[in-house]
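Computed from a predicted model, the values in this text were never measured in an experiment. First listed ligand is number 1; within each ligand, the first listed atom is number 1.
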Amino acid sequence: MQLFALLPVLAAFVASSSAITVGASGAIECQSETVVSETFIGKGKDVQMTHSHCETSTSKVAANDVVAVPDAPVNNVCSASCNTFCFSPSGGGPNEDDCKVIADAILYDGENESATFNATAAGTAADKITMKYHSCTTYFLNQNATATLTYCRQDWASLVTWLSGDCNSANNAHGGLCVAADQQWYVQVQNSR
Ligand SMILES: *[C@@H]1O[C@H](CO)[C@@H](O)[C@H](O)[C@H]1NC(C)=O
Ligand SMILES: *[C@@H]1O[C@H](CO)[C@@H](O)[C@H](O)[C@H]1NC(C)=O
Ligand SMILES: *[C@@H]1O[C@H](CO)[C@@H](O)[C@H](O)[C@H]1NC(C)=O
């Protein structure tokens with residue numbers, strides 16, 4: 001079983017690495033996606049939040065592996081380090097102001113709902129959490145098939161701000177992602193589809 005579907009893609013990125021690599025690939029897509037819930041968050045309730053299952057093209061997770069184990073371990077990955085990769089070329093990326101609305105909504109929820117959120121194990125119904133506002137979409141994806149991940153909203157908001165700025169058109173990019181050093185998760189910022 002292949003735990004980390006993203007690995008081959010990242011190996012390609014890393015091969016042409018510098019501190020902030022502008023990779024040749026575009027945003028990473030789910031092969032198929034099954035939505036389990038949709039709601040609106042933030043002060044203005046204008047940022048769409050979706051919980052879904054992301055089927056990745058290279059995933060080898062078998063049916064008997066994807067059963068949500070009720071007492072699966074929970075890994076808190078708040079403030080874990082991650083490596084940034086931007087998508088080249090420039091053009092067609094999200095509007096930074098739209099991404100800021102998302103970052104603010106995540107911070108709002110972090111203060112007024114709960115500081116953390118959970119993404120269930122890779123292969124289960126809510127392994128992907130997406131936030132969307134106008135041109136900007138960001139998501140958190142759990143890549144660990146055996147654990148729920150707990151992540152801090154404040155960290156996600158920081159990554160949205162960081163990625164939308166550092167991977168903008170002025171930097172010859174149109175979005176990017178930050179993948180955990182241990183590859184258990186990544187956060188992507190991209191244009192809305
Ligand atoms: C939490 O909600 C209060 C009341 O709506 C608001 O004033 C405050 O700014 C919110 N916190 C954040 C971080 O947005
Ligand atoms: C995350 O999951 C753990 C274990 O099931 C639970 O104790 C915790 O309340 C959950 N946190 C949130 C924010 O839902
Ligand atoms: C996935 O989570 C399990 C359970 O906490 C942990 O033992 C394992 O190391 C994690 N996988 C990786 C590669 O971090």
Students should be able to answer this: which protein heavy-atom is nearest to atom 9 (O) of ligand 1, and at what distance? K43 NZ, 4.5 Å
Would you mind checking which non-hydrogen protein atom is closest to atom 5 (O) of ligand 1, with the distance to 0.1 Å? Y108 OH, 3.4 Å
With heavy-atom distances below 4.0 Å as the criterion, list the atoms of ligand 2 near [X].
{"X": "V74", "value": "4 (C)"}
{"X": "T116", "value": "13 (C)"}
{"X": "N118", "value": "1 (C), 2 (O), 3 (C), 8 (C), 10 (C), 11 (N), 12 (C), 14 (O)"}

What pairs of donor and acceptor atoms, side-chain ones from residues 38-47 against any protein atom, are under 3.5 angstrom apart with sequence neighbours left out?
none

Find out whether [X] and [Y] are in side-chain contact, i.e. whether some heavy atom of one side chain is under 4.5 Å from a heavy atom of the other.
{"X": "H174", "Y": "P89", "result": "yes"}
{"X": "W156", "Y": "I129", "result": "yes"}
{"X": "F117", "Y": "H51", "result": "no"}
{"X": "I106", "Y": "M131", "result": "yes"}

Under a 4.0 angstrom heavy-atom cut-off, which atoms of ligand 3 come close to T146? 1 (C), 2 (O), 3 (C)
Out of all atoms in ligand 3, which are within 4.0 Å of some heavy atom of A147? Include the element for each. 2 (O), 4 (C)
I want to confirm something. Looking only at heavy atoms, which of D104, L107, N112 is nearest to atom 10 (C) of ligand 1? N112
Filter on salt bridge (charged side-chain N to carboxylate O under 4.0 Å, His left out), then keep only pairs touching residues 107-124, sequence neighbours left out; what's left? none
What are the atoms of ligand 1, with element, lying closer than 4.0 Å to any heavy atom of E111? 10 (C), 11 (N), 12 (C), 13 (C)
If we ignore angles and hydrogens, is there a donor and acceptor under 3.5 Å between the side chains of N118 and T148? no
Between D127 and T120, is any side-chain donor less than 3.5 angstrom from a side-chain acceptor? no
Any nitrogen or oxygen of D182, main chain or side chain, under 3.5 Å from a nitrogen or oxygen of ligand 3? no
Within the structure, does S114 bring an N/O atom to less than 3.5 angstrom of an N/O atom in ligand 2? no
